[in-house]
Amino acid sequence: MSDWFTIDQIDKDTYIISEYRHWEETHCYLLNGSERSLLIDTGLGISNIYDEVIKLTDKPVTAVATHVHWDHIGGHKYFPDFYAHKDELNWLNGEFPLTIEQIREMVIDRCDLPEGYDVNTYDFFQGTPIKLLSDHDTIDLGNRSVSVLHTPGHSPGHMCFFEKERGYLFTGDLVYKDTLFAYYPSTDPEAYLLSLKKIAKLPVKNVFPAHHTLDIGPEILIRMRDAFEQLKAEGKLHHGSGIFKYGDWGIWL
Ligand SMILES: [Zn+2]
Ligand SMILES: [Zn+2]
């Protein structure tokens, strides 16, 4: 389905593969190195992302998800060479806390599906990563390298990826404009704050989120960290305290 994905180019060897026909407006990122390519997140899994990726690289591709939620691992089935964080291994092995029916509801929710698409064929990816990632690991692509940052909060094994040389921070679901989610049982609002503190210290030039607008600058990292600090100071940084709006973003606790 060639009109499913939107491709944008960040620089001569970095691409954004977006899915704007679902309300979540998911973004995956392809980083081409001299030896291999890294695909950060594989999208919704409604259309075949592999066919797009091979148009953009002739190198072997390793996939890595910022976290094991359905909308970030949908295309993992095309990439047997994938890495994951140990804290979400059980979600790749039968223990994800939602049913396939609940996931299929989210797949079709506010989505302009491809013609003839049968949601009953949609599965939640299960598999075994070829490598487990830990905080401060480095992924070497040849002439470029990416640091792994364990950033729990939205999910237990959530990772951000930082390419220091270019100042690129790929933030997954930890940071994007719109309402952030830290209200379901597998989220951890206190850990979320610690993760924001961690990434707010980095020399970031560009923030690349997994959802919604790409018009987002590194100053938002500081604003989010400060807002979470404030919620903590007010005793509100816990599940069930509500939805808090801050103009161009919000947090649902
Ligand atoms: Zn998520
Ligand atoms: Zn997401």
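Numbers here are sequence positions counted from 1. We count ligands from 1, going down the list as the structure has it; atoms in each ligand are counted the same way.
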Report yes if the distance between the aromatic ring centroids of Tyr29 and Tyr15 is under 6.0 Å, otherwise no. no
Please list, in chain and residue-number order, the protein N/O/S atoms closer than 2.8 Å to the Zn ion (ligand 1). His67 NE2, His69 ND1, His154 NE2, Asp173 OD2
Of all heavy-atom pairs linking Ala200 and Ile222, the shortest is O-CD1, 3.7 Å
Lys/Arg N to Asp/Glu carboxylate O, Lys198 vs Asp135, below 4.0 Å: yes
Just how far is it from atom CD1 of Ile251 to atom OH of Tyr192, taken to the nearest 0.5 Å? 5.0 Å
Any salt bridge linking Asp137 with Lys131? Criterion: basic side-chain nitrogen under 4.0 Å from a carboxylate oxygen. no
By side-chain hydrogen bond (donor to acceptor under 3.5 Å, both in side chains) - contacts of His211 (at least two apart): Thr26, Asp71, His72, Asp173
Shortest-distance N, O or S atom of His211 relative to the Zn ion (ligand 2): NE2
